[in-house]
Amino acid sequence: MGCSYFCNSLPKGGMMPIALIDCNSFYASCEKIFRPDLKDRPVVVLSNNDGCIVAMSSEAKKLKIPRGAPLFKVKELIDRYKVEVFSSNYTLYGDISSRVMSIIMESTDTVEVYSIDEAFANWNFQDPIDYAYLIRKRIKMWTGMPVSIGIAETKTLAKIANHIGKKSCNGLFWLQEEYREEILRDTPIEDVWGIGRQLALFLRSRNIMTAYDFIQQEDWWVKKHLTIVGLRTKWELQGRASINFEEEVKENRAIMSSKSFGNPITELDDLLEGTKSYVHDAFHKMSKQKLKAKSITLYLTTNSFRKNDMQYRNSITMELEDYSDYLPDFIKAADKGIRQIFREGYKYKKTSVLLTDLKLPKEITPDLFTLKDPRKDKIRDCVNELNMRYGKGTVVCNLKRGSGNRWTMKRELLSPEYTTKWKDLPKVN
DNA sequence: TCTGGGGTCCTAGGACCC
DNA sequence: TCTGGGGTCCTAGGACCC
């Protein structure tokens, strides 16, 4: 498909175009920013514990390394092509992301930050393509991050436009109404935002192969088989905006910390230590948003990939007496919960901590019969401030620290925190 | 040997109430 | 002993996203 759909007039009907601005190979691009020597080299980024490949630079994609593959399965390719491999450095990615987002927000009226590497923006301009050029250039110049921009009447169509831009139009594409049908005929059903693997299989089995085939189906049929979510997708593809534009940052409904252990864990004590460190993690996220939680769920599971091991998984939800933002309440609950679901004789792979029933203090009706202990508030404020200022983990509760724990995550190929740690600041000679 | 983590939304089904 | 139906709330599970 060429780029012949560019045109300099606003779409008829005055519909406000939606732009999707999306960073190219985000994690891999972050790693390249401070390493000019990697400019045209293949780069991959690993998941926690250096397990799977979660992101690839375009050079790495060309080597046909499958996304999501465990590192050990593609080791040979990696060595042969001298692919540069990094552990994931979320501190770096988070910081680069907020720089990119603030540029987008400065330069346009309404923005929804959709994920770490993409944002939707309402672009009410005479010529959105001109504007896309400008923004892209600015982001590249100020942060070093390459982005692609797709523009269309709805979010789902903007996704498609972005995809086309990435593939064949130098990163920018405006999908206008008069070309929509042609483009939808060229869009395989599994490339539609909101149609995942399961649904694509189902639709293909019904001979629905493209986005165009999909919008030919009756509303009732789509709703029956794909629920209201699928029906919205259909409407969006037809140019009818059906997915809300969420400008405000949504409050989380849940906060999770869940990690695999570096090694299988058999002892209750190690399991408790690991879990408590995840409680700290989740609690830190919650504190940053100034939320309180009323319940905490603990999950634990063995490694289901190891077919010969005995398998066990379980979970338990602990209700706190009241909404709390006092760390020891959560530590106590987690300790009690894990002891209840722990069974001797298994090799545990992972525990997860989920905080739910989250509220801002102003939304909570105080309980007349619970006496408040003002000392708790002081301790909490003091600990939170120290952890915000000096980084999470500065003050901990009932937790042995240090590396070398059996449960600590593996991150052997970590890059420096170039932008968030003084000692990691890049030097210029 | 080594196989990610963190979210959202929707539905079905059970418990319970009237 | 016969035996209805509507409503709400909760949870588990399955789909999706990045």
Side-chain angles (χ1 to χ4, degrees), chain A residues 20 22-27 44-55 66-76 78 85-90 93-94 97 112-120 155-156 159 162 189-203 223-233 242-244 246 249-264 278 281-282 284-286 289 295 297 299 301-309 313-317 319 347 349-358 409-413:
Chain A
L20 171 63
D22 174 283
C23 301
N24 300 341
S25 317
F26 182 62
Y27 294 173
V44 300
V45 178
L46 303 176
S47 61
N48 281 345
N49 281 311
D50 294 346
C52 296
I53 290 174
V54 291
R67 202 194 114 103
L71 181 61
F72 72 96
K73 282 196 179 166
V74 292
K75 196 84 182 77
E76 203 242 332
I78 300 274
V85 183
F86 290 96
S87 304
S88 35
N89 184 346
Y90 288 105
Y93 310 151
S97 168
E112 173 187 343
V113 175
Y114 179 72
S115 74
I116 193 162
D117 72 331
E118 57 191 286
F120 290 102
K155 287 180 163 183
T156 308
K159 277 269 180 188
N162 189 288
I189 189 66
E190 60 273 13
D191 287 357
V192 174
W193 189 45
I195 306 293
R197 252 197 27 236
Q198 297 305 315
L199 292 179
L201 270 176
F202 168 77
L203 292 171
K223 183 162 183 214
K224 182 174 165 214
H225 293 286
L226 281 75
T227 78
I228 185 70
V229 184
L231 186 53
R232 281 193 202 119
T233 298
S242 310
I243 300 175
N244 282 342
E246 318 259 0
V249 180
K250 262 183 284 172
E251 280 152 36
N252 283 356
R253 298 269 177 96
I255 291 174
M256 176 175 263
S257 174
S258 158
K259 282 174 208 66
S260 299
F261 301 124
N263 297 294
Y278 302 162
D281 216 61
H284 185 75
K285 282 186 216 167
M286 186 176 83
Q289 302 177 54
S295 59
T297 305
Y299 299 84
T301 172
T302 50
N303 186 348
S304 57
F305 284 102
R306 299 180 62 110
K307 296 286 179 243
N308 296 329
D309 284 5
R313 62 196 301 171
N314 205 347
S315 72
I316 187 168
T317 298
E319 287 290 324
K347 292 180 192 155
K349 175 63 184 166
K350 178 159 123 175
T351 58
S352 315
V353 171
L354 183 71
L355 304 181
T356 50
D357 205 345
L358 299 171
M409 176 160 84
K410 239 169 76 181
R411 286 167 106 191
E412 288 166 357
L413 304 160

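Quick note on labels: first sequence line is chain A, next is B, and so on, each numbered from 1. Just so it is clear, the model here is predicted, and its values are computed rather than measured.
Using a cut-off of 4.0 Å between Lys/Arg side-chain N and Asp/Glu carboxylate O, Lys259(A) and Asp281(A) are scored as salt-bridged. Looking at Glu246(A) and Lys155(A), no side-chain N of the basic residue comes within less than 4.0 Å of a carboxylate O on the acidic one, giving no salt bridge.
Contact annotation: Lys159(A) reaches the phosphate of dC18(C) (side-chain N/O to OP1 or OP2, under 4.0 Å). Regarding contacts with the backbone of dC2(B), a side-chain N or O of Arg306(A) is found under 4.0 angstrom from either OP1 or OP2.
What separates NZ of Lys347(A) from C1' of dC2(B) is a distance of 15 Å, to the nearest Å. At whole-Å resolution of the value, CG in Asn263(A) and C1' in dT3(B) are 15 Å apart. In this structure, Leu413(A) atom CG and dC2(B) atom C1' are separated by 13 Å, rounded to whole Å. Per the geometry, CD belonging to Gln198(A) stands 9 Å off C1' belonging to dG14(C), to the nearest Å. Between Leu71(A) atom CG and dT1(B) atom P the separation is 15 Å, expressed in whole Å. Between Ile78(A) atom CD1 and dC2(B) atom P there is a gap of 19 Å when expressed in whole angstrom units. Rounded to whole angstrom, the span from the CG atom of Asn162(A) across to the P atom of dC17(C) amounts to 15 Å. To the nearest angstrom, P of dC2(B) lies 14 Å from CG of Asp50(A).
dC16(B) and dG4(C) have their C1' atoms separated by 16 Å, with the value rounded to a whole Å.
Considering only heavy atoms from C-beta on, Thr297(A) stays 4.5 Å or farther from Ile316(A) through its side chain. In this structure, Leu203(A) and Ile195(A) have side chains that are in contact, with non-hydrogen atoms separated by less than 4.5 Å. Looking at Ile255(A) and Gln289(A), their side chains come closer than 4.5 Å, going by heavy atoms from C-beta outward.
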Exercise for review: Summarise protein proximity over nucleotides 4-13 of chain B in one line of letters, 5' to 3': B for base, S for sugar-phosphate only, - for none, counting protein heavy atoms closer than 4.0 Å.
Suggested key: BSSSSSSS--

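Among the heavy atoms of the strands lying under 4.0 Å from Ile195(A) are primed sugar atoms or P, OP1, OP2 only; no base atom is included. Among the atoms of the strands shown, none is found under 4.0 Å from any heavy atom of Phe26(A). Using a 4.0 Å heavy-atom criterion, one finds that Leu199(A) contacts the sugar-phosphate atoms exclusively.
A pairwise comparison of heavy atoms in Val54(A) and Arg67(A) identifies O-NH1, 3.0 Å as the closest pair. Across Lys349(A) and Thr302(A), no two heavy atoms sit closer than the pair CB-C, 3.7 Å.
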Exercise for review: Kindly express the pairing pattern of DNA chain B in dot-bracket notation, using | wherever a base pairs with another strand and counting only Watson-Crick or G-U pairs under 3.5 Å.
Suggested key: ....||||||||||||||

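Classified by interplanar angle (parallel below 30°, tilted 30° to 60°, perpendicular above 60°), the ring pair Tyr93(A)/Tyr27(A) is parallel.
Judged by distance alone, the side chain of Asp357(A) and the main-chain N or O of Ser295(A) form no donor-acceptor pair under 3.5 Å.
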